[in-house]
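This report concerns only the one structure given below.
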Protein chains: 2
Amino acid sequence: MRKKNFKITKKRQHILEVLKGTDEHLSAEDIYFILKRKNIKVGLATIYRTLDLFYQHGIVNKINVGDGTVRYEYVDRKRVHHHHLICIKCGKIMEYTDKKEEEFLKELTKRIKDRYGFTVLSHEIYLYGICNECREKEKS
Amino acid sequence: MRKKNFKITKKRQHILEVLKGTDEHLSAEDIYFILKRKNIKVGLATIYRTLDLFYQHGIVNKINVGDGTVRYEYVDRKRVHHHHLICIKCGKIMEYTDKKEEEFLKELTKRIKDRYGFTVLSHEIYLYGICNECREKEKS
DNA sequence: TTTCATGCAAAGGTTTTGCAGTCGC
DNA sequence: GCGACTGCAAAACCTTTGCATGAAA
């Protein structure tokens with residue numbers, strides 16, 4: 001997995017650490033400011049380049065909820081596969097897991113292959129709606 | 001559905017027609033050039049504004065496959081609900097439908113509500129992989 | 001005739017790129 | 001020392017906005 005010509009530098013480690021240490025879905029700019037607050041100076045361009053590198057190597061996932069930025073999350077191989085809930089009121093992104101979904105997707109992949117000749121390699125599911133907090137607020 | 005202060009102009013009709021007349025998933029720029037080729041001159045800004053208007057009124061869906069643009073598709077109420085297959089080689093976007101998926105999503109919506117208190121209102125599923133044509137090409 | 005729609009150009013926000021300097025191995 | 005990494009600033013890109021003009025009801 002680790003191609004040659006791929007150096008593990010301090011700055012890259014810092015970026016990875018930020019991603020590992022949060023359950024939020026961060027944009028490049030988010031990471032830039034988080035590091036800045038810790039007095040770690042990394043240029044935005046470097047962050048973009050590093051995130052792309054990580055993505056090419058399967059170290060992070062891209063999340064695209066249509067808010068004008070690409071967000072990233074660390075791929076933790078010890079965790080169950082998950083998907084995302086996006087609140088259309090406050091924009092919060094949450095993760096969910098569902099056992100039956102895994103089974104379903106496995107079957108779906110097979111059906112897609114049979115019907116369309118398309119080989120599914122990965123999937124993204126986004127569920128849009130109203131989160132608990134926003135629903136409570138609306139009541140009042 | 002049709003709010004007041006919403007005029008049906010020639011240009012808006014042209015834009016809608018383009019969307020109705022294709023099974024591709026078009027960006028604002030795509031639409032701009034398609035109209036241009038037909039000698040119909042509509043400014044890009046107008047297309048963006050119109051697409052947003054259509055979106056607000058549920059006339060079109062947004063598709064976000066992470067290629068740096070937002071794409072749109074006409075919401076045909078006579079068609080079954082569908083989701084998208086995206087080829088990671090050629091970038092082609094295809095649609096698929098799956099009866100069992102509909103059932104599954106209905107159940108999933110209920111489980112999400114029970115477990116997370118999150119009310120699902122809509123969903124997007126993107127399956128990434130290799131399309132038939134690209135797989136054939138790879139063989140050779 | 002009043003209100004909304006449009007075009008143009010400018011601005012906005014995010015991401016990428018060129019290049020000179022720096023660091024890791 | 002060489003090749004890869006970084007920062008900065010500029011550029012590229014997609015999308016939005018302000019404003020004067022034009023079209024629709």
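Here is the naming used below: chain letters follow the sequence lines, and residue numbers restart at 1 for every chain.
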[X]: ring-ring contact (aromatic ring centres under 6.0 Å, His included) partners, not counting sequence neighbours:
{"X": "A:F104", "result": "B:F104"}
{"X": "A:H25", "result": "A:H84"}
{"X": "A:H81", "result": "A:H83, A:H123"}

Quiz prompt | Annotated protein contacts, base or backbone, on nucleotides 6-12 of chain C with a non-hydrogen cut-off under 4.0 Å, one of B, S, - each | solution = SBB----

I need the [atom1]-[atom2] distance between [X] and [N], as an integer number of Å.
{"X": "A:L35", "N": "D:dT6", "atom1": "CG", "atom2": "P", "value": "12 Å"}
{"X": "B:I15", "N": "C:dA5", "atom1": "CD1", "atom2": "P", "value": "12 Å"}
{"X": "A:Q56", "N": "D:dC5", "atom1": "CD", "atom2": "P", "value": "14 Å"}
{"X": "A:K7", "N": "C:dC23", "atom1": "NZ", "atom2": "P", "value": "12 Å"}
{"X": "A:H14", "N": "C:dC23", "atom1": "NE2", "atom2": "C1'", "value": "14 Å"}
{"X": "A:Y48", "N": "C:dG18", "atom1": "OH", "atom2": "C1'", "value": "18 Å"}
{"X": "B:Y32", "N": "D:dC13", "atom1": "OH", "atom2": "C1'", "value": "16 Å"}

Which residues satisfy the salt bridge (charged side-chain N to carboxylate O under 4.0 Å, His left out) test with [X], sequence neighbours excluded?
{"X": "B:E17", "value": "none"}
{"X": "A:E103", "value": "none"}
{"X": "B:K92", "value": "B:E133"}

Self-check item: Side-chain heavy atoms of B:L85 within contact of B:E95, under 4.5 Å
Solution: no

Quiz item: Is there a side-chain contact between B:L127 and B:I86 (heavy atoms, below 4.5 Å)?
Solution: no

Practice problem: Sorted by first residue and then second, give each side-chain hydrogen bond (donor to acceptor under 3.5 Å, both in side chains) pair with at least one member in residues 111-120 of chain A; sequence neighbours left out. | Solution: A:R111-B:D98, A:K113-A:T119, A:R115-B:D98

Self-check item: Contact residues, residues 64-75 of chain B to DNA chain D [heavy atom, < 4.0 Å]
Solution: B:G68, B:T69, B:V70

Quiz item: For DNA chain D, what residues of residues 21-31 of chain B have any heavy atom nearer than 4.0 Å?
Solution: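 Going residue by residue through residues 21-31 of chain B, none turns out to have a heavy atom under 4.0 Å of DNA chain D.
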
Quiz item: Distance-only, no hydrogens or angles: does the A:Y126 side chain make a donor-acceptor pair with backbone N or O of A:N64 under 3.5 Å?
Solution: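 Yes, A:Y126 side chain to A:N64 backbone: donor-acceptor pair under 3.5 Å.
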
Self-check item: B:K62 to B:Y72, cation-pi by 6.0 Å centre distance and 45° axis angle
Solution: no

Quiz prompt | Hydrophobic cluster membership, B:L108 vs A:L105, 4.5 Å side-chain cutoff | solution = yes

Can you give me every donor-acceptor pair (side chain of residues 33-47 of chain A, partner residue at least two apart or in another chain, under 3.5 Å) with its distance?
none

Quiz item: If you fit an axis to the five pairs at each end of the helix from C:dT1-D:dA25 to C:dC25-D:dG1, how big is the angle between those two axes, to 10 degrees?
Solution: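 Inter-axis angle at the ends, rounded: 30°.
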
